[in-house]
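Notes for the one structure printed next.
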Protein chains: 2
Amino acid sequence: MTIRIDDLDRKILDELQRDAGQSLDEIARKVGSSKTPVWNRIRKLREAGVILRQTVILDPQKLGLEACFFVLIRTAEHDPDWQRRFLETVKARPEVQEAHRLAGEIDYLLKVRVANARAYDAFYQALISEVKVYNITALLGMEEIKNDTSLPL
Amino acid sequence: MTIRIDDLDRKILDELQRDAGQSLDEIARKVGSSKTPVWNRIRKLREAGVILRQTVILDPQKLGLEACFFVLIRTAEHDPDWQRRFLETVKARPEVQEAHRLAGEIDYLLKVRVANARAYDAFYQALISEVKVYNITALLGMEEIKNDTSLPL
DNA sequence: AGCAATATAGGAAATTTTCCTGTATGAGCG
DNA sequence: CGCTCATACAGGAAAATTTCCTATATTGCT
């Protein structure tokens, strides 16, 4: 599962995480190499699935998505059928940015981004009508202090 | 704060969120326009801060970052000085991917990505030595069901 | 040290970005 | 309704970048 990455790969990945819009020559210069090895390594890192995708990060505020909720879910039904249904629901809803299965008392945590409390309630109503949950609580985000997609290498 | 976005902008942003590595001609074709308006609009969306940055998304598993913790923090000190110190600490630590200030009983939520439980403990020890917290709990992520950076437009 | 395998630098063709020019589209107003 | 101005658009050309090839250098192994 874990893939062998050397120091040059790490530097390249760091640069790509920082800014994926840079030219190969620019990256090559920064990591102390030339464009060919940088290009070959990026291709291999893609093929190996280390680089999943290339994307743009948008500002939620500027797009009117003012509210961020962390939803803590407990279920009474731990069978695979329930799990599959829950997974499908969560994947189908674009306001769910993240979904994690947890260890411990709380079974799932969702990160949900919506325009406002009303929009969250609409999501909440839709969710509980589609899958049965034993207990559900939401933590309301007030301010995003940090939001970094970069992984530490 | 909120910026006026029309339907063509929305389509362009959707395509960029899906894959920022596409050529302008490709995006133009998909959104039913030509490269010039697409280019002009992307430039404006950048300048307006709607597009914050362009990056690559990496697979944490493949890089040996197997553990994801959600850290719930309560503080006894609500003065600006404590807040500033906490903010600095959180921003300085690359294992903290996200930090949110919350409404309600819990004051902060962190998303922390590390190699294993031992690495989390190292982070935890460092954190509580740098800033005083009243209460701290961690939820341990077992499986990432969904992790989407795209905002719903 | 010598050989094989792999990685590298540089360069050339193909593609893409960037920006310019002229045309079309639409809003405001007499 | 038609005129005018402002804005958006399509296409094209130059500059930049990607993509891939070739020859050289480096590394690992025995």
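Excluded from the calculations below are hydrogen atoms, water molecules and symmetry mates; all remaining heavy atoms, backbone and side chain alike, are included. Order of the sequence lines fixes the chain letters, A, B, ..., with proteins taken first and strands second; residue numbering starts at 1 for each chain.
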Between [X] and [Y], does at least one N-O distance fall below 4.0 Å, as a salt bridge requires?
X        : Y        : answer
B/Arg41  : B/Asp6   : yes
B/Glu130 : B/Arg85  : no
A/Arg118 : A/Asp121 : no
A/Arg113 : A/Glu144 : yes
A/Lys11  : A/Glu15  : no

With a 4.5 Å cut-off on side-chain heavy-atom distances among I, L, V, M, F, W and Y, is there a chain of contacts connecting B/Leu65 to B/Phe70?
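Different clusters: B/Leu65 never reaches B/Phe70 through Ile, Leu, Val, Met, Phe, Trp or Tyr contacts under 4.5 Å.
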
Of the non-hydrogen atoms in A/Asn147 and B/Glu98, which two are nearest, and what is the gap between them?
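Nearest heavy atoms, A/Asn147 then B/Glu98: OD1-CG, 3.6 Å.
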
Kindly give the heavy-atom pair with the smallest separation between B/Ile5 and B/Arg10, and that separation in Å.
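Shortest heavy-atom contact: O-NH2, 3.5 Å.
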
Classify the angle between the aromatic ring planes of A/Phe86 and A/Trp82 as parallel (below 30°), tilted (30 to 60°) or perpendicular (above 60°).
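Rings of A/Phe86 and A/Trp82: parallel, under 30°.
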
Between residues 11-33 of chain B and DNA chain C, which residues have a heavy-atom gap below 4.0 Å?
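When residues 11-33 of chain B is checked for heavy atoms under 4.0 Å from DNA chain C, the hits, listed by number, are B/Gln22, B/Ser23, B/Leu24.
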
Using a 4.0 Å heavy-atom cut-off to protein, can you give one letter per nucleotide of nucleotides 19-26 of chain C, 5' to 3': B if the base is in contact, S if only the sugar-phosphate is, - if neither?
BB------

Could you run down the sub-3.5 Å N/O contacts of the protein with nucleotides 5-8 of chain D?
none

Calculate the interatomic distance between B/Gln54 atom CD and C/dT16 atom P; express it in whole Å.
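Value for this atom pair: 15 Å.
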
Mind checking B/Ile42 for me? I need base, sugar-phosphate or nothing, with any heavy atom below 4.0 Å counting as a touch.
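Answer is nothing: B/Ile42 stays at 4.0 Å or more from every strand.
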
Please tell me whether A/Gln54 and A/Arg46 have a donor and an acceptor in their side chains that are separated by less than 3.5 angstrom.
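Note: A/Gln54 and A/Arg46 side chains meet the donor-acceptor criterion.
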
